[in-house]
Amino acid sequence: MTQNPAAMPDASGFFGPYGGQLVPPHLKQAMDDIAAAYAEIAKRQDFQDELAQLFADYVGRPSPIFHARRLSAQLGGAQIHLKREDLNHTGAHKINHCLGEALLARFMGKKKVIAETGAGQHGVALATACALVGIPCEIHMGQVDIEKEHPNVTKMRILGCKLVPVTRGAATLKEAVDSAFEEYLTNPTDYIYAIGSVVGPHPFPMMVRDFQSIIGREAREQFQAKYGRLPDHVAACVGGGSNAMGMFTAFLGDESVRLVGVEPSGEGTDRPGRHAATLTMGKPGEIHGMKCYVLENADGTPAAVHSIASGLDYPGVGPQHSYLKDLGRVQYEIASDKECLDAFMTLSRVEGIIPALESAHAVAWAMRVAPTLPGDRHILVNLSGRGDKDADYVAKVLGI
Ligand SMILES: *Cc1c(COP(=O)(O)O)cnc(C)c1O
């Protein structure tokens, strides 16, 4: 029997055959302790109230939904709407789960919060949440990303976190995860690893999803209130998959709503190492303590990946996405670096909204599909973050 997607995971952290806790015994104990602490705070009213208050007063929630009228008219088809996670404090959806994780760390009496970061968004959001809560924070970041995402690096330093540059291998997100994990393993009792997406061993895929699910709860209610109906399509970009799960969760039970996750096809899915379309091109495997779709080399090691968006270049993907793909409940599509850049510029010039390169993948998919649909159809896109961090890079690439 298949699980009800809205009730996942099971007690062992499985989403169908995906997820679980593929970790050594002492680490399994640490994960079980986190799961138990999370189960306790999740049902405590004082915790829920504190998080809700921070969402409102600190993050600026609810984030609005915006009807992109000029973009829709220009494309000449379905109406495109944007859930404005780019307007959150720190500029993306990641602050939602970072606040949750920082509050959990405080509740558990942890002495240090450790994490990796790709585009730097998770690092900035976590350093922010740790400053607010008052816990030391250590962020591992690939050297390639450090050079590409300079403004975020500066922000992390200002926010008082310890930044650890990672130079091994391709020096991007995967290596940063490995490095941060090694530091965590030196003392899993006193440290907590704040995973930056719906990935890793249980309970993280569940916990990060729960903290992010505010996105879809708000968006569903806002859309209903505005239009008296639900959107026809709901789309979000997928790296590890947290903004997408945050958006999709509220809609899983709505059969009329087509859910679309957009993966980065980079320079082409026919070019191994030059894309990060894990669900589209990968196969079931293991990475970072979980079972999920993985992009692998012939020898079973994780493949090199690439996307113009640093936050999307990860060779694994959340276990719940892996299961939702197999169930056919979510459709996974791709957008290339080129389409992403085009969407980035179009949204900037037609609506005055500069999107994160990650989010621009979801916008690119909507721009491709909208003209094929009638004008009374509605596409809701999760605009996961703002593009300030990418502006200099894009200007250089396009020679603006
Ligand atoms: C990190 C990031 C992503 C990718 O992470 P998910 O876990 O897949 O959401 C997407 N958009 C933005 C703006 C990000 O910072």
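Indexing begins at 1, ligand by ligand and atom by atom, following the structure's order.
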- [ ] Measure the distance from atom 10 (C) of ligand 1 to every protein heavy atom, then report the residue, atom name and distance (to 0.1 Å) of the closest one.
- [x] Glu358 CB, 3.4 Å
Task: Region of Leu312 that comes within reach of ligand 1 [heavy atoms, distance under 4.0 Å] - done: side chain
Open item on the list: Which residue and atom name correspond to the protein heavy atom nearest atom 4 (C) of ligand 1, and how close is it?
Closed with: Gly311 O, 3.4 Å
Task: Under 3.5 Å side-chain donor-acceptor pair for Gln143 and Thr167 - done: no
Task: Residue part near ligand 1, for Glu85, under 4.0 Å between non-hydrogen atoms - done: neither
Open item on the list: At less than 4.0 angstrom from any non-hydrogen atom of His93, what atoms of ligand 1 do you find?
Closed with: 2 (C), 3 (C), 9 (O), 10 (C), 11 (N), 12 (C), 14 (C)
TODO: Would you tell me whether Arg61 and Asn96 have side-chain atoms, one donor and one acceptor, within less than 3.5 Å of each other?
DONE: yes
Task: Atoms in ligand 1 flagged as close to Gly239, the criterion being non-hydrogen separation under 4.0 Å - done: 8 (O)
- [ ] Write out the residue and atom name of the closest protein heavy atom to atom 12 (C) of ligand 1, then the distance separating them to 0.1 Å.
- [x] Ser384 OG, 3.4 Å
- [ ] Answer side chain, backbone, both or neither: which part of Ala356 comes under 4.0 Å from ligand 1, heavy atoms only.
- [x] side chain
Open item on the list: Looking at ligand 1, is there an atom of it that comes within less than 4.0 Å of some heavy atom belonging to Gln212?
Closed with: no
Open item on the list: Regarding atom 7 (O) of ligand 1: of the candidates Pro355, Gly196, Ser197, which has the closest heavy atom?
Closed with: Ser197
Open item on the list: Please check if the number of heavy atoms outside Asp392 that lie under 6.0 Å from its CG is greater than 12.
Closed with: no
Open item on the list: Tell me whether Lys338 is salt-bridged to Glu267, with the criterion being a basic N under 4.0 Å from an acidic carboxylate O.
Closed with: no
Task: Region of Lys94 engaging ligand 1 - heavy atom pairs below 4.0 Å - done: side chain
Open item on the list: Do Glu149 and Asn152 pair up side chain to side chain, a donor and an acceptor below 3.5 Å, judged on atom types alone?
Closed with: no
- [ ] Check whether the side chains of Gln53 and Asp49 place a donor and an acceptor atom closer than 3.5 Å, and report yes or no.
- [x] no
- [ ] Please write down residue, atom name and distance for the protein heavy atom closest to atom 6 (P) of ligand 1.
- [x] Ser242 N, 3.3 Å
TODO: Establish, for the pair Lys325 and Tyr293, whether the NZ or CZ atom is under 6.0 angstrom from the six-membered ring centre and no further than 45 degrees off its axis.
DONE: yes
Task: Test: Glu221 and Lys83 ion pair at under 4.0 Å - done: no
